[in-house]
Protein chains: 2
Amino acid sequence: MYEKYVKLLKDHAIKVTSPRLEILKFLDEHHTHPNVEEIYSSLKKKHPSLSRTTVYNSLEILKKNRIVQSITISGSELRYDIQGGLHHHFLCNRCGAILDISIACPNMDRTVEGGHRVDEVQGYFKGICKNCQKKEKGWRTNG
Amino acid sequence: MYEKYVKLLKDHAIKVTSPRLEILKFLDEHHTHPNVEEIYSSLKKKHPSLSRTTVYNSLEILKKNRIVQSITISGSELRYDIQGGLHHHFLCNRCGAILDISIACPNMDRTVEGGHRVDEVQGYFKGICKNCQKKEKGWRTNG
DNA sequence: TACCAAATTGTAATAATTACAAAATAGGAT
DNA sequence: ATCCTATTTTGTAATTATTACAATTTGGTA
């Protein structure tokens, strides 16, 4: 059940603890780019002793080890993503969903830019998602 | 002195007020991507009656009219930019500077992506800036 | 099994932003 | 020029995300 997450932590020489395993499992099963509150309140149900601070701490160490990445697209809170592959993100200003965007981008794997050392590249798109556009059209048609 | 900002506001049918003019001027003269606090405390010196809330409100209406854009790269606060041309941003994790990156990017002027309507595209690079790398090398050499 | 550094927990502080109501003001009508 | 009104500014009080910190607990090793 948790073997892959145990291995992941051991491979990075990070102590294996249940909060860490649960957070990894949650992110692996929910590719919705949840914020800390969503992760915390979901895990809290099955693990009532869980502390919000632990979620912050755990995500921080996972981030330092590049196991997860944090997304600043919303501007008000960090969102977390466990996916490895290079991809961009789209934020729907209507429903708030953050979606993965697979798009060819010549700058994504850059390590130097203008003399600066690049450790992280993120591409953000913001607008109205396909689904919300569909809803809008439906309302107009029915009106 | 302020004519260009007056025109800018009138062209967008926004009321011309001194806080708005001062904020525009400040952003036009400081391409450092300041946060609200920096804008506020700087303008407060010459306009003691200025309120922080006004800075928030003004930036909000300027943003709605696409006169300024907000940058979420830092993850803890919004940074503001008045520049029109399409460009990306680099955040130095050491000194905190946010620098403009002029880089060819095929996705920057995109209006549709995967069926989603795109209103805004932002490319963020994070790492260590040229200047901070230079400092590090200097320290090592002298040590 | 015992130890210790590291992790977890809970509470309290901080920082950015928003909500809201009262006073002031820009810009159009008179 | 004066009046009117919707909009803006202002100040204070909330709210929200995150960090600081100290006490307790625990994973991994000897």
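So that the names make sense, note that chain A is the first sequence line, chain B the second, and so on, each numbered from 1.
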(message) When the axes are fitted on five pairs at both termini, how much does the helix from C/dT1-D/dA30 to C/dT30-D/dA1 curve, in 10° steps?
(response) 30°
(request) Figure out the CG/P separation between B/Asn65 and D/dT8, and round it to whole Å. (result) 10 Å
(message) What is the separation between atom NE2 on A/His47 and atom P on C/dT9, rounded to the nearest whole Å?
(response) 10 Å
(message) Using ring centroids (six-membered ring only for Trp), state whether A/His33 and A/His31 fall under 6.0 Å.
(response) no
(message) Angle between ring planes, A/Tyr2 versus A/Tyr5, binned at 30° and 60°: parallel, tilted or perpendicular?
(response) perpendicular
(request) Would you jot down, in residue-number order, the residues of residues 69-82 of chain B having a non-hydrogen atom under 4.0 Å from DNA chain D? (result) none
(message) For DNA chain D, which residues of residues 50-59 of chain A approach it to below 4.0 angstrom with any heavy atom?
(response) A/Thr53, A/Tyr56
(message) Tell me which pairs pass salt bridge (Lys or Arg N to Asp or Glu O under 4.0 Å) where either residue lies in residues 2-12 of chain B, with sequence neighbours left out.
(response) B/Lys4-B/Asp28, B/Lys7-B/Asp11
(message) At a heavy-atom distance below 4.0 Å, what parts of residues 17-29 of chain A sit against DNA chain D?
(response) none
(message) Treating A/His116 as the side-chain partner and B/Cys129 as the backbone partner, does any N or O pair qualify as donor plus acceptor under 3.5 Å?
(response) no
(request) Kindly assign one of parallel, tilted or perpendicular to the pair B/His89 and B/His87, based on the angle between their ring planes and the thresholds 30° and 60°. (result) perpendicular
(request) Indicate yes or no: does A/Lys46 engage A/Glu22 in a salt bridge with an N to O separation below 4.0 Å. (result) no
(request) Write down the distance between OH (A/Tyr40) and C1' (D/dT18), rounded to a whole number of angstrom. (result) 14 Å
(request) Grab the CD-P distance between A/Glu60 and D/dA17 for me, whole Å please. (result) 18 Å
(message) Test side chain to side chain contact (heavy atoms under 4.5 Å, CB included) on A/Lys15 and A/Arg20; report intermediate values, then the result.
(response) CA-CA 9 Å; A/Lys15 277 192 181 171; A/Arg20 289 171 186 176; 3.7 Å; yes
(request) Kindly give the heavy-atom pair with the smallest separation between A/Pro34 and A/His30, and that separation in Å. (result) CD-O, 4.0 Å
(request) Let me know the distance between NZ of A/Lys15 and P of D/dT25, rounded to the nearest Å. (result) 16 Å
(message) With rounding to the nearest 0.5 angstrom, report the CD to CD distance, A/Gln69 to A/Gln83.
(response) 9.0 Å
(request) Provide, to the nearest angstrom, the distance between the CD1 atom belonging to A/Ile61 and the P atom belonging to C/dA6. (result) 10 Å
(request) Report the residue (B/Glu37 or A/Ser49) whose heavy-atom-nearest nucleotide on DNA chain C is the more 5′ of the two. (result) A/Ser49
(request) Specify the closest pair of heavy atoms between A/Val55 and A/Ile23, including all atoms of both residues, with the distance to one decimal. (result) CA-CD1, 4.0 Å
(request) Would you mind reading off the distance between A/Leu9 atom CG and C/dA7 atom P, rounded to a whole angstrom? (result) 11 Å
(request) Mind checking the CD1-OH spacing from B/Ile98 to B/Tyr80? Nearest 0.5 Å is all I need. (result) 12.0 Å
Table please: side-chain donor-acceptor pairs of residues 70-77 of chain B below 3.5 Å, with sequence neighbours left out.
residue: B/Ser70; atom: OG; partner: B/Lys63; partner atom: NZ; Å: 3.0
residue: B/Thr72; atom: OG1; partner: A/Thr72; partner atom: O; Å: 2.9
residue: B/Thr72; atom: OG1; partner: B/Tyr124; partner atom: OH; Å: 3.4
residue: B/Ser74; atom: OG; partner: B/Ser76; partner atom: N; Å: 3.1
residue: B/Ser74; atom: OG; partner: B/Ser76; partner atom: OG; Å: 3.4
residue: B/Ser74; atom: OG; partner: B/Glu77; partner atom: N; Å: 3.3
residue: B/Ser74; atom: OG; partner: B/Glu77; partner atom: O; Å: 3.3
residue: B/Glu77; atom: OE1; partner: B/Asn35; partner atom: ND2; Å: 2.8
residue: B/Glu77; atom: OE2; partner: B/Arg79; partner atom: NE; Å: 3.0

(message) Just the rounded figure in Å: distance from C1' of D/dG28 to NZ of A/Lys10.
(response) 9 Å
(request) Determine whether A/Cys92 and A/Leu99 make a side-chain contact, defined as any pair of heavy atoms from C-beta on separated by less than 4.5 Å. (result) no
(request) Tell me, yes or no, whether the heavy-atom count around B/Lys64 atom NZ, taken from other residues, nucleotides or ligands under 6.0 Å, exceeds 12. (result) no
